[in-house]
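The sequence lines fix the lettering, A, B, ..., with proteins before strands; numbering per chain opens at 1.
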Amino acid sequence: MALSTSLSTCTAHRVVPKTAKCYQERSYTSFTPKQSVLSKPIYSNGIAPSRLSLTMNSPNCQGSGKVLRSGGYQCHALDIETPSSFLAGEKFQLDDVIEAQQFDLDILNAIFKVAREMEQIEKRSGQSNILKGYLMSTLFYEPSTRTRLSFESAMKRLGGEVLTTENAREFSSAAKGETLEDTIRTVEGYSDIIVMRHFESGAARRAAGTASIPIINAGDGPGQHPTQALLDVYTIEREIGKLDSIKVGLVGDLANGRTVRSLAYLLAKYRDVKIYLVSPDVVKMKDDIKDYLTAKGVEWEESSDLIEVASKCDVVYQTRIQKERFGERIDLYEEARGKYIVDRTVLDVMQKHAVVMHPLPRLDEITVDVDADPRAAYFRQAKNGLYIRMALLKLLLVGW
Amino acid sequence: MALSTSLSTCTAHRVVPKTAKCYQERSYTSFTPKQSVLSKPIYSNGIAPSRLSLTMNSPNCQGSGKVLRSGGYQCHALDIETPSSFLAGEKFQLDDVIEAQQFDLDILNAIFKVAREMEQIEKRSGQSNILKGYLMSTLFYEPSTRTRLSFESAMKRLGGEVLTTENAREFSSAAKGETLEDTIRTVEGYSDIIVMRHFESGAARRAAGTASIPIINAGDGPGQHPTQALLDVYTIEREIGKLDSIKVGLVGDLANGRTVRSLAYLLAKYRDVKIYLVSPDVVKMKDDIKDYLTAKGVEWEESSDLIEVASKCDVVYQTRIQKERFGERIDLYEEARGKYIVDRTVLDVMQKHAVVMHPLPRLDEITVDVDADPRAAYFRQAKNGLYIRMALLKLLLVGW
Amino acid sequence: MALSTSLSTCTAHRVVPKTAKCYQERSYTSFTPKQSVLSKPIYSNGIAPSRLSLTMNSPNCQGSGKVLRSGGYQCHALDIETPSSFLAGEKFQLDDVIEAQQFDLDILNAIFKVAREMEQIEKRSGQSNILKGYLMSTLFYEPSTRTRLSFESAMKRLGGEVLTTENAREFSSAAKGETLEDTIRTVEGYSDIIVMRHFESGAARRAAGTASIPIINAGDGPGQHPTQALLDVYTIEREIGKLDSIKVGLVGDLANGRTVRSLAYLLAKYRDVKIYLVSPDVVKMKDDIKDYLTAKGVEWEESSDLIEVASKCDVVYQTRIQKERFGERIDLYEEARGKYIVDRTVLDVMQKHAVVMHPLPRLDEITVDVDADPRAAYFRQAKNGLYIRMALLKLLLVGW
């Protein structure tokens, strides 16, 4: 039985059907596996391959598959290095969103295409019923109101519903010593998808390994924040009109910001990209990323001249110097903080089509008089997070 | 005017009608009171009779009735010992869910029947519109994320909406000295049902005595947690297929766990039940429950041999030893904690149809290698909490 | 293009349209501006004129208008003293709700009329779909569960959806030093209206100056709490049947309570109102309000005889003596607190049609034996807050 047939059977239910439910019902039926387009996977030092699972359960699956509690059989490609793209014709299916590296160009393009559709839905009518009947749990082990509201807005704009936990760390069960795995097994019984923020690197992957419903990593400690990386790349594409042959200046705290590190990874997938690195000495970009860029043939250059870089770039990506990284050396923090400010002077040398981006929150590394310039793209960038998250929720819950 | 007629009149409204509203509108109309099937009530030491109110208001009511602020008249059977079952033909109506003892066999069976229907709704289509237009307040005076999410999921799966208060204790009004009664009188104006968790025993009963909308007790301190008791019994029925003639081993902290105490009460309602009590000496089952079981003709036996008990039982109900009960005697806690562990050795002697249950969260009193065994029922048990809560919300808001 | 035409075009969309979206789409179209009915504005000492914006964007607007990021043009009447009423025939449009003084009699009457309709909707059917597809953010920088639940209930009773932030002060971004303006610019991208509670006076006005979506002030520190003032006046009108020619006794803490101060302001708009001020010496009404009442021709009188005042008044408005205002002088607090209690003795002298009101929470300044008397209006008053907030949400989001 082909996937499309199976899905259309499901959608014949009176009330909104769930992929998850349909999924399990066809657990033991035979099917034609989707054709997977394998390409050479790339992983940097210390980062394990992304957890990817085939989108259909089948007793035919070999290897790391496991018998689901629901009676189905789920194949995992946990231990082999494959990209997360499983294309069948023009279609693919996401199972979890764990890290930026799991996306290849095909998937990125597909997600961005859906994000554009989401933008149209939100702008034209405010709400859709695409996810009506679906329930999302936001399981936040540390507070991140901005990210949480963005996901919850995305779910509700698509007609879905939300269960919220802002203080999952004080989740009575977690406080009593329950494992993350047990918590996930309970919460998956209450909802159709879990958006998780955690203080430990790798927590999202652990959750995805346990859950039978999709997991989205909304940031796990110093680890990954893949939806931020996606919305950054999407914003460049929306603002500049292309991702190949662009010049991007990464400015500010390049040592600690996971945002710029993830962005560098993703930009390396595109052709003819040039990256400028502009940062105070104490928070310079680390060698792993530089080596990675070099290995991928991406041209990069360190500079201490923000004005010169700004005049060349399509994108000036400013970041906040994170005070908490400097401990008691407030003097070093103050010195680093004041070094590269994006202000009217910087704007004046920037090209007309270029933009200033920032992952927010910003302090004074971009002066407020920049806000009114059409090239100040950071609030549009924040808004693009909504579209990217709408797209991911749609793709994870109802597919292409 | 018969109830059914009245309800169908209400449902003729353009938008979703509310029982509560219909209720008040028929306050002064004459009606045929529902036939109440009275049976001898049973209450244990120190526990007051459950607060029950007739489901219809009438000036004909005698006794403890009170004039409602809305102008209606509500009859309370507060001071007479009656069970909460008011059957009219095959129908009954719940007003509040305060304690496990309020349910007789008829009501338990009725609730379980509806819970099965809820299971079908959730599995088949994910969502229903049964409670569309209804609003539930979760008024939690102490955090209990698991319980809260379960109730909120139940409400949303039925198409209802939720107002959440996780920190009702810091409710600005409560902090300023407002009484629980005043808080309830305010919150009842904003919603159709209140799910309340409180740190004081008896708080739910006080709330129910004040509110003109249904109250569900989601745990009040060391007192009651009736929905947990219901989901436990429901799980046994679902897993074993019967509630009469079963053997149940209660293991772990039997002194402090309100879960096992409530379960013992409810099991005593069924025929030919045998209960084994397996616990470290410091947390043995207290005499009140043992005396109660004896009085009700329930066979029970204390044992220190978990393997032997496990080999005989249909249900091994494991519980967590609660560290907080031991104060500074960490040595006693550690001793008690390691004494009775459910692991593969225990599983090996259990019968094929038997199950392991646990109210969760678990620490290491059940080893993780038990999880994969089909007899590990604890995550299914947690999921059953969803169905029981869906059933109760339906019964309290729209009736049978 | 007239407003009505523009709106009906919008509502022809398949899914629920948004005023905000429609609004932006007609940014550059020409239109006939609404006729504004200007009357002499009145502001007390130190209170800035209310921020009001014309409801339509137009390049024709002069003065403080600003170019919207979305490309539209928004006119602000920020620096001229005008009332917020823009009547076009029988219609008007609210943009923000920032302070009690922004409302003139026409707008008050219009809001109260809509509140009555909301009452009918809530009582008849519980829910409406008027705001289906709209998303409200409750951005609370300090907890106020009662107010928050009231707004969220109002939104959900009208079919809208809610994003909740109870701890916006710990909003990771705010904690990291983000300005309120930046937070608003982000959150406005996720929702259609923001209900904000803040600890700083003037915060709501700042938010409204930044946001392109409506802001409702749900209390900003010692500043304003306009929806409380509206529900108080609405309650008097509902209970007494009129607002002209009434006698109102303000009792308790008249120095610190923003409630009674706002109420005095609004009552001064009506004809032939007499106000009695009954308070312990340490918390007497301040001169600014007394001078204001005098200037507006409102008769007022201080009294220390609650019984005599109660016998004359239509409304006895009791308030809580706020302990936190007395610092270490607990003795003064205790003395003030016990001085004017509304109890059965006070009720006995009150007229049959008169009512007791209180903004809640109450401690013992109204004894509980008063609650059962039909003249105890304070819980109905709390409920009226729901209707007022439903009315405001409707007016701000879909207009008249």
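Ranking A/Ala382, A/Pro374, A/Ser150 against chain C, the residue ahead of the rest is A/Ser150, based on heavy-atom pairs under 4.5 Å. Put simply, of A/Lys323, A/Arg320, A/Gln322, the one with the most heavy-atom pairs under 4.5 Å next to chain C is A/Arg320.
If you measure heavy-atom distances from A/Glu142 to chain C, you find no contacts under 4.5 Å at all.
The pair A/Arg362-A/Asp371 meets the salt-bridge criterion, with a side-chain N (NZ, NE, NH1 or NH2) lying under 4.0 Å from an Asp/Glu carboxylate O. Using a 4.0 Å cut-off between charged side-chain N and carboxylate O, A/Arg148 and A/Glu152 make a salt bridge. Of the charged side-chain nitrogens involved, at least one lies within less than 4.0 Å of a carboxylate oxygen, so that C/Glu178 and A/Arg146 count as a salt-bridged pair.
For the pair C/Glu181 and C/Arg185, the minimum side-chain heavy-atom distance is below 4.5 Å.
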